[in-house]
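Only one structure is covered here, and it is reproduced in the block below.
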Amino acid sequence: MRPMTRLAAYAPILVLAASIAHADPYSDTIELFKNAGASAAFFSKSYGYAVFPTVGEAGFIVGGAYGKGRVYVGGKLVGDTSMTQLSAGFQLGGKGYSQIIFFEDKRALDEFSTGSFEFSAGASAVAITAGASASVGTTGATSAASGGKKDATTASAGYEKGMAVFTIAKGGLMYTATVAGQKFSYKPR
């Protein structure tokens, strides 16, 4: 094969590899929330936000969740964060979701960025519905969720103690929906 013919044959693969390598889950997740109903308005009226592209959660009586995120103020990256959550009670299954926490003012961000912030027992998130489905049959159980820009909607929400939390299901099936007990670490950049 001649060199030019080989290059032409491999060009689509190289372009695809470059676009995959360039994909940024943080900016993709931010765009998703910017186009998802009520969460979109918070970008212009919040002091900053923490975004978690993927939080994985699983449980059978005792459960846990983990996700890595980034913190932004005025659209600029200011720090890294991670979230852990342990829970006990009736729960079964696993799921993945994206989460964003909006900070109403500097005081709320300062509270979050202490490095040991935890949501209290009554904390909850507004779940953004985006084409979720689940089914059980003789061949097993399946579930799916879509967080597409065109089909995501939210219920109206406001700040609670200076923070507003939104989630978008990415996939999985689990009987529970709470952010209570989530603990966050923070490292400034």
Side-chain angles (χ1 to χ4, degrees), residues 23-34 36 38-39 42-43 46-73 75-130 132 145 147 152 154-155 157-189:
D24 178 14
Y26 293 96
S27 59
D28 292 346
T29 304
I30 291 166
E31 280 303 309
L32 188 61
F33 280 105
K34 281 183 177 180
S39 63
F42 282 80
F43 284 94
S46 69
Y47 180 78
Y49 53 88
V51 65
F52 298 84
T54 301
V55 175
E57 183 173 357
F60 178 72
I61 311 299
V62 175
Y66 178 77
K68 287 185 175 185
R70 291 184 178 167
V71 178
Y72 298 83
V73 173
K76 295 190 183 337
L77 178 62
V78 296
D80 297 303
T81 184
S82 64
M83 183 279 296
T84 56
Q85 180 182 26
L86 292 176
S87 56
F90 181 71
Q91 53 191 323
L92 176 63
K95 66 181 175 182
Y97 58 93
S98 297
Q99 178 171 307
I100 193 164
I101 304 166
F102 290 100
F103 308 110
E104 185 175 23
D105 50 29
K106 185 175 182 329
R107 182 213 48 85
L109 175 61
D110 289 346
E111 183 179 347
F112 178 85
S113 62
T114 62
S116 58
F117 176 78
E118 179 178 351
F119 280 125
S120 64
S124 62
V126 174
I128 296 175
T129 56
T154 64
Y159 290 106
E160 186 176 316
K161 296 185 179 179
M163 296 182 202
V165 183
F166 294 88
T167 62
I168 296 177
K170 294 180 85 167
L173 185 61
M174 187 165 183
Y175 179 77
T176 184
T178 180
V179 296
Q182 287 185 346
K183 295 180 182 181
F184 299 88
S185 65
Y186 176 77
K187 182 180 176 186
R189 281 202 172 202

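Keep in mind that the numbers below use all heavy atoms, side chains included, and drop hydrogens, waters and symmetry copies. A quick note: this is a predicted structure, and the numbers were derived from the prediction, not measured.
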So how far is it from [X] [atom1] to [Y] [atom2], rounded to the nearest 0.5 Å?
| X | Y | atom1 | atom2 | answer |
| --- | --- | --- | --- | --- |
| Thr29 | Lys34 | OG1 | NZ | 12.0 Å |
| Leu32 | Ser39 | CG | OG | 8.0 Å |
| Thr167 | Lys95 | OG1 | NZ | 7.0 Å |
| Thr81 | Arg70 | OG1 | CZ | 12.0 Å |
| Ser27 | Tyr72 | OG | OH | 7.0 Å |

From CA spacing to verdict: ring pair (Phe, Tyr, Trp, His ring centres under 6.0 Å), Tyr49, Phe103: CA-CA 6 Å; Tyr49 53 88; Phe103 308 110; 8.4 Å; no
Parallel, tilted or perpendicular, as decided by the 30° and 60° cut-offs, for the rings of Phe52 and Phe184: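 Phe184 and Phe52: tilted rings.
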Ring centre gap for Phe43 and Phe33 strictly below 6.0 Å: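 Between Phe33 and Phe43, which both carry aromatic rings, the centre distance is not below 6.0 Å.
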Closest non-hydrogen atom pair, Arg107 against Lys161: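 It is NH2-O, 3.4 Å.
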For the student: nearest non-hydrogen atoms of Ser185 and Ser82, plus distance: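 What the structure gives for the nearest pair is OG-OG, 2.6 Å.
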Check whether any side-chain heavy atom of [X] lies under 4.5 Å from a side-chain heavy atom of [Y], and answer yes or no.
| X | Y | result |
| --- | --- | --- |
| Val165 | Phe102 | no |
| Asp80 | Lys68 | no |
| Val71 | Phe112 | yes |
| Glu104 | Ser46 | no |

